[in-house]
Protein chains: 2
Amino acid sequence: MNKIPQATAKRLPLYYRFLNNLNHQGKKRVSSKELSEAVKVDSATIRRDFSYFGALGKKGYGYNVEYLLGFFRKTLDQDELTDVALIGVGNLGTAFLHYNFLKNNNIQIKMAFDAAKEKVGTDIGGVPVYHIEDLEDKMTGIKVAILTIPASEADGITNRLVEQGITGILNFTPARITVPDHIRVHHIDLAVELQALVYFLKHYPLSKED
Amino acid sequence: MNKIPQATAKRLPLYYRFLNNLNHQGKKRVSSKELSEAVKVDSATIRRDFSYFGALGKKGYGYNVEYLLGFFRKTLDQDELTDVALIGVGNLGTAFLHYNFLKNNNIQIKMAFDAAKEKVGTDIGGVPVYHIEDLEDKMTGIKVAILTIPASEADGITNRLVEQGITGILNFTPARITVPDHIRVHHIDLAVELQALVYFLKHYPLSKED
DNA sequence: AATAAGTCGTGATATATTTCACAATATTAT
DNA sequence: ATAATATTGTGAAATATATCACGACTTATT
């Protein structure tokens with residue numbers, strides 16, 4: 001089952017969300033062409049992506065929205081809830097806390113940490129904010145963390161997270177953190193994204209979108 | 001000159017920032033191996049990336065930090081300033097406004113727009129906030145926009161940006177916006193990123209980082 | 001001066017991803 | 001019923017990216 005290409009895996013949450021929208025709109029069937037226009041992914045790519053999970057559609061018909069949705073729900077473990085901790089309740093962190101992941105997703109931000117006294121003890125978007133000192137005490141059992149702290153804090157906090165037994169980190173700091181091999185880190189660097197866009201605009205005019 | 005792979009282009013801002021750090025630390029030379037450890041990119045990939053720009057290093061020595069930095073400064077148009085407008089001054093938008101892009105970068109957020117009266121007229125991180133109604137009036141000459149608004153607003157605002165003559169959009173809304181072919185859109189979907197990380201953790205244990 | 005160690009640049013290869021294009025099948029229209 | 005149209009699933013080809021591995025050259029060491 002581990003033979004799904006990573007590029008495909010990255011598109012699954014996107015497909016899932018759009019199928020959910022269609023379902024709410026009461027749409028019963030959808031073709032790869034329609035889906036392609038909605039999510040801006042080539043229709044052949046969509047069919048190929050789906051095909052890794054078997055023959056989910058019907059020739060000449062398309063895909064049954066409800067069936068496909070149900071299938072992805074299982075595949076993406078939408079039943080199983082994943083608890084996440086957020087470290088750093090600045091503007092970016094707060095944006096995450098207000099994002100209602102539970103609405104469509106299988107992810108729940110269970111707690112947040114910050115060093116600022118005025119934030120500790122509050123509730124943001126229903127998520128309690130604890131002091132960063134209490135990380136080890138409070139975070140038992142949580143395997144995924146979102147890092148929205150200043151770059152200068154990244155290494156120190158990362159080490160504590162590793163110590164605590166984390167398995168995945170979504171790193172929004174510009175620092176490229178070092179972790180043992182068994183821990184997965186995804187980097188999202190807002191400045192790099194913006195710079196890359198500007199670079200593409202200057203050097204790859206008129207090309208297709210990313 | 002347009003033959004640089006996109007994957008390489010996406011890493012350039014990253015290299016640039018780390019070279020800048022090294023330079024500030026007073027380091028004179030650096031090898032692809034050292035750089036590899038810092039930015040977590042395979043050293044052969046780094047050498048290949050650099051090689052698209054010619055022979056920038058010296059065999060047996062490595063790369064001269066200052067020279068390489070100067071080279072990238074030119075290549076990445078670090079001299080030329082790109083003005084950017086930010087649409088939507090919520091938590092995510094505010095995070096961007098506090099990010100000091102000018103420090104290391106060639107990008108300046110020149111203005112921001114929001115619909116909330118209490119935000120209009122203020123200055124956040126040195127960036128003036130205008131009312132979204134005034135978008136067409138104020139935004140003349142700006143070619144790049146960051147979209148940090150609710151998904152429901154995405155299509156409407158996008159159309160106005162297209163009308164106004166935008167060429168690039170960094171879209172943080174979950175909506176996949178539709179634009180004419182000559183406009184480049186990069187999507188960053190925070191929920192998708194988090195879901196993808198969780199999916200990888202469950203289905204691709206122990207693999208290398210992304 | 002000779003040797004050892006370090007490092008680049010790159011041809012070749014491996015891996016990953018996307019896209020084409022079409023047979024097979026389902027639906028719709030007449 | 002029949003023909004026309006729509007759409008999947010996938011082999012094959014194309015494209016894109018990453019990695020290996022080594023000759024050539026530089027620097028450091030003895």
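As a basis for the values below, the full set of heavy atoms in this structure was taken, side chains included, without hydrogen atoms, waters or symmetry mates.
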> Judged by atom type as modelled, is there a donor-acceptor pair below 3.5 Å linking the side chain of T148(A) to the main-chain atoms of I87(A)?
Replying inline: yes
> By side-chain hydrogen bond (donor to acceptor under 3.5 Å, both in side chains), which residues pair with E136(A), not counting sequence neighbours?
Replying inline: R160(A)
> When the distance from CD1 of I46(B) to P of dT10(C) is rounded to whole Å, what number comes out?
Replying inline: 16 Å
> Taking atom P of dG9(C) as reference, at what distance in whole Å does atom CG of L35(B) sit?
Replying inline: 13 Å
> CD1 of I188(A) to CG of L170(A): how many Å apart, nearest 0.5 Å?
Replying inline: 4.5 Å
>> Can you measure K3(A) atom NZ to dT17(C) atom P for me and round it to whole angstrom units?
In response: 15 Å
> Between R11(B) (CZ) and dT19(D) (C1'), how many Å, whole number?
Replying inline: 12 Å
>> How many whole angstroms separate atom CD1 of I4(A) from atom C1' of dT17(C)?
In response: 15 Å
Tabulate below the donor-acceptor pairs under 3.5 Å that side-chain atoms of residues 161-169 of chain A make, not counting sequence neighbours, or state none.
unit_1, atom_1, unit_2, atom_2, d
Q164(A), NE2, M139(A), O, 2.9
T167(A), OG1, K143(A), O, 3.1

>> Need the bend value for the helix from dA1(C)-dT30(D) to dT30(C)-dA1(D): angle between end axes, 5 pairs each end, nearest 10°.
In response: 10°
>> List the residues meeting side-chain hydrogen bond (donor to acceptor under 3.5 Å, both in side chains) with D114(B), not counting sequence neighbours, and say none if there are none.
In response: none
>> Quick test of your reading: applying side-chain hydrogen bond (donor to acceptor under 3.5 Å, both in side chains), list the pairs with at least one residue in residues 60-69 of chain A, sequence neighbours left out, ordered by first then second residue.
In response: none
> Which residue pairs satisfy the side-chain hydrogen bond (donor to acceptor under 3.5 Å, both in side chains) criterion with at least one member in residues 49-58 of chain A, sequence neighbours excluded?
Replying inline: T8(A)-D49(A), R11(A)-D49(A), Y15(A)-D49(A)
> How many Å lie between NZ on K28(B) and P on dT27(D), as a whole number?
Replying inline: 16 Å
>> Run the ring-ring contact (aromatic ring centres under 6.0 Å, His included) test against F72(A) and tell me which residues pass, sequence neighbours left out.
In response: F50(A), F53(A)
>> I need the CG-P distance between D49(B) and dC8(C), as an integer number of Å.
In response: 13 Å
> With F96(B), which residues qualify under ring-ring contact (aromatic ring centres under 6.0 Å, His included), at least two apart?
Replying inline: F101(B), F172(B)
> Rounded to the Å, how far apart are D42(B) CG and dA21(D) P?
Replying inline: 12 Å
Close N/O contacts between protein and nucleotides 6-11 of chain D (under 3.5 Å):
unit_1, atom_1, unit_2, atom_2, d
dT7(D), O2, G60(A), N, 2.8
dT8(D), OP1, S32(A), N, 2.5
dT8(D), OP1, S32(A), OG, 3.4
dT8(D), OP2, S32(A), OG, 2.6
dG9(D), OP1, L56(A), N, 3.1
dG9(D), OP1, G57(A), N, 2.7
dG9(D), OP1, G57(A), O, 3.2
dG9(D), OP2, Y63(A), OH, 2.7
dG9(D), N7, R47(A), NE, 2.9
dG9(D), O6, R47(A), NH2, 3.2
dG11(D), O6, R48(A), NH2, 2.5

